[in-house]
Amino acid sequence: MIIDSHVHFGNSLWGNFTPEFLLEILSDEIDYAICSNLEGIDSPEFKSEAECNLAMLEISKKYPKLKPLYVCQPNLSDNIDIARDILEKNPEFVGLKIHPECLKLPADSEKYDKYLELATELKKPCLYHSGHIKSRFSSPKLIYKKAQQFPKVPIILGHLSTGPTQSHIEAVEILLDSIENNNANLYVDTSWIDFAYEKLDETYKDTIMLINALKNTKKGDATNRILWATDCPVGAFNQHRETYHKNLAVFKSAIINEFNDEKLLNNLLFENAKALYKF
């Protein structure tokens with residue numbers, strides 16, 4: 001089994017991606033994908049929170065391979081009853097999606113609190129876009145600050161930060177701090193960590209740095225917090241079936257060559273995601 005823990009569909013500033021286009025890229029090798037609707041995040045056909053998520057729900061019913069995330073718009077609505085009604089009636093949503101960079105709303109804003117309270121109540125994880133370590137909206141530092149206020153909510157640092165290696169190093173330090181002090185429930189996905197300017201670093205050196213750090217925390221092995229992901233179809237390398245699957249093959253080889261551990265690889269590719277998203 002393989003689960004891609006970070007994918008999208010929808011007409012967006014990155015391209016117009018139909019669900020069928022996404023599924024063609026994933027192909028039969030990917031069993032499930034954790035999916036959100038870009039039309040509620042950043043789109044020339046921007047949809048309201050309710051419209052965006054109901055569309056995501058219908059797509060997930062048509063294509064069960066796509067496990068839906070609920071896109072949050074706390075900058076536009078103070079009515080948490082919309083989210084509560086949809087999430088309570090539709091347990092198919094495996095988690096929430098928050099994109100502080102596109103919302104232009106700092107990740108430590110109080111406006112997120114009602115959504116995180118709902119996530120706590122419904123026991124749903126939240127996938128965040130985490131940007132450059134110095135981003136004033138989506139820095140992992142700001143996400144960590146908010147995560148400490150809601151320690152029961154699993155919060156995934158999508159991308160570990162979209163910055164360079166130094167950003168990744170500082171984001172790893174945040175992960176370690178949260179684990180060793182037990183003050184937040186942080187996870188991370190591997191999308192974009194070893195990509196720059198559409199080019200793959202085939203050594204996966206920053207991902208391997210992340211794995212080594214979480215294998216050797218003061219609390220023991222915490223690699224259960226790492227999820228393989230791509231951000232497909234965002235990024236040219238994710239918009240072609242051949243390059244997507246080549247990158248998956250390179251990832252597998254890099255992990256086996258470095259760790260010689262099939263169990264670790266399987267955990268990264270699907271076991272950790274299944275345990276977190278509960279399906």
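The model shown is predicted, which means the values in this text are computed figures rather than measured ones. When a residue number appears, it is its place in the shown sequence, counting from 1.
- Arg136 places no side-chain N or O within 3.5 Å of a backbone atom of Pro106 that could act as its donor or acceptor partner.
- Transitive grouping of hydrophobic side chains (ILVMFWY, heavy atoms separated by less than 4.5 Å) keeps Leu103 and Leu76 in distinct clusters.
- A donor-acceptor contact closer than 3.5 angstrom links the side chains of Asn183 and Gln148.
- A salt bridge is absent between Lys114 and Glu121; no separation between the charged side-chain nitrogens and carboxylate oxygens falls under 4.0 Å.
- Sorted by first then second residue, the ring-ring contact (aromatic ring centres under 6.0 Å, His included) pairs that include residues 47-83, not counting sequence neighbours, are Tyr70-Phe93.
- Looking at heavy atoms from C-beta onward, Leu22 lies in side-chain contact with Cys232 at the 4.5 angstrom threshold.
- Side-chain contact check for Ser48 and Gln73: no donor-acceptor pair (N or O, by modelled atom type) lies under 3.5 Å.
- With 3.5 Å as the limit, one finds a donor-acceptor pair spanning the side chains of Ser191 and His159.
- Both the sub-6.0 Å distance and the 45° axial angle are satisfied by Lys67 relative to the ring of Phe279.
- Taking a 6.0 Å sphere around CZ of Arg241, one finds it holds more than 12 heavy atoms contributed by other residues, nucleotides or ligands.
- Going from atom CZ of Phe9 over to atom OG of Ser60 covers 9.0 Å, rounded to the nearest 0.5 Å.
- Contact of the Leu276 side chain with the Ile156 side chain is registered, since non-hydrogen atoms from C-beta on lie closer than 4.5 Å.
- Hydrophobic clustering, with ILVMFWY side chains joined whenever heavy atoms are under 4.5 angstrom apart, groups Val250 together with Leu248.
- Side-chain contact check for Asp194 and Thr207: at least one donor-acceptor pair (N or O, by modelled atom type) lies under 3.5 Å.
- With hydrogens and angles left out, the side-chain atoms of Tyr144 and Asp108 include no donor and acceptor closer than 3.5 Å.
- Side-chain contact between Leu175 and Leu157: present, with at least one pair of heavy atoms (C-beta onward) separated by less than 4.5 Å.
- Here the side chain of Asp221 pairs no donor or acceptor atom with the backbone of Lys215 at under 3.5 angstrom.
- Of the inter-residue distances, the one linking Arg225 atom CZ with Asn185 atom CG reads 5.5 Å to the nearest 0.5 angstrom.
- Atom-to-atom distance recorded for Leu268:CG and Asn272:CG is 6.0 Å, nearest 0.5 angstrom.
- Checked by atom type and distance alone, the side chain of Tyr112 pairs as donor or acceptor with a backbone atom of Leu105 at under 3.5 Å.
- One distance of note links CD1 of Ile86 with CG of Asp81; it measures 11.0 Å at 0.5 Å rounding.
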Yes or no on side-chain contact (heavy atoms from CB on, under 4.5 Å) for Leu186 and Ser178, after CA distance, side-chain angles and deciding distance?
-> CA-CA 7 Å; Leu186 293 181; Ser178 73; 3.8 Å; yes

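- Between Glu180 and Lys219, no side-chain nitrogen of the basic residue sits less than 4.0 Å from a carboxylate oxygen of the acidic one, so the salt-bridge criterion is not met.
- The shortest side-chain heavy-atom distance between Val188 and Leu210 falls under the 4.5 Å cut-off.
- No continuous path of hydrophobic side-chain contacts links Leu142 to Val172 [ILVMFWY only; heavy atoms under 4.5 Å].
- Put simply, the side chain of Asn90 never gets that close to the backbone of Glu92: no donor and acceptor are under 3.5 Å apart.
- Other residues, nucleotides and ligands contribute more than 12 heavy atoms inside 6.0 Å of the NZ atom of Lys65.
- Phe137 and Trp14 are assigned to two separate hydrophobic clusters, defined by single-linkage of ILVMFWY side chains at heavy-atom distances under 4.5 Å.
- A donor-acceptor contact shorter than 3.5 Å links the side chain of His168 to the backbone of Ser161.
- A centroid separation of 6.0 Å or more is found between the aromatic rings of Tyr244 and Phe237.
- The aromatic rings of Tyr204 and Phe195 sit perpendicular to each other, their planes meeting at more than 60°, with 30° as the lower class boundary.
- With 3.5 Å as the limit, one finds a donor-acceptor pair spanning the side chains of Lys205 and Thr165.
- Listed by chain and residue number, His6 satisfy the ring-ring contact (aromatic ring centres under 6.0 Å, His included) test with His8 (two or more places apart in sequence, or in another chain).
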Quick one: do Ile255 and Leu264 satisfy side-chain contact (heavy atoms from CB on, under 4.5 Å)? Show the steps, please.
-> CA-CA 8 Å; Ile255 301 307; Leu264 171 64; 4.2 Å; yes

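- In this structure the side chain of Asp261 never reaches within 4.5 angstrom of the side chain of Leu265, judged on heavy atoms.
- No hydrogens or angles considered: a donor-acceptor pair under 3.5 Å links the side chains of Thr230 and Asp4.
- Between the SG atom in Cys72 and the NZ atom in Lys111 there is a gap of 14.5 Å [rounded to 0.5 Å].
- Distance alone, capped at 3.5 Å, places no donor-acceptor pair between the Lys123 side chain and the Thr120 backbone.
- Follow the hydrophobic side-chain contacts under 4.5 Å out from Ile82 and you reach Ile98 in the same cluster.
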Could you walk me through whether Glu29 and Lys252 pass the salt bridge (charged side-chain N to carboxylate O under 4.0 Å, His left out) test, one step at a time?
-> CA-CA 13 Å; Glu29 189 174 357; Lys252 292 178 179 179; 3.3 Å; yes

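- Looking at Asp177, its side chain never comes within 3.5 Å of a backbone N or O of Glu173 through a donor-acceptor pair.
- The main-chain N or O of His132 is never found under 3.5 Å from a side-chain atom of Ser135 such that the two would form a donor-acceptor pair.
- Here the side chains of Glu271 and Met1 are not in contact, with every heavy-atom distance at 4.5 Å or above.
- Although no hydrogens or angles enter the test, the distance criterion places a donor-acceptor pair under 3.5 Å between the side chain of Asn247 and the main chain of Thr243.
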Dump the intermediate steps for side chain to side chain donor-acceptor pair (under 3.5 Å) on Tyr128 and Asp189, then the final yes or no.
-> CA-CA 10 Å; Tyr128 275 69; Asp189 79 38; over 6 Å; no

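- Residues Ala222 and Ile179 share a closest heavy-atom pair of CB-CD1, 3.7 Å.
- In this structure, the side chains of Tyr277 and Lys124 stay at 4.5 Å or more apart for every pair of heavy atoms.
- Screening residues 44-54 for salt bridge (Lys or Arg N to Asp or Glu O under 4.0 Å), with sequence neighbours left out, gives Glu39-Lys47.
- The two residues Gly235 and Trp192 make their nearest non-hydrogen contact at CA-CZ2, 4.1 Å.
- To the nearest 0.5 Å, atoms SG (Cys126) and OH (Tyr115) are separated by 11.5 Å.
- Side chain of Asp31 to main chain of Ile3: no donor-acceptor pair is present (N/O by atom type, distance under 3.5 Å, no hydrogens or angles).
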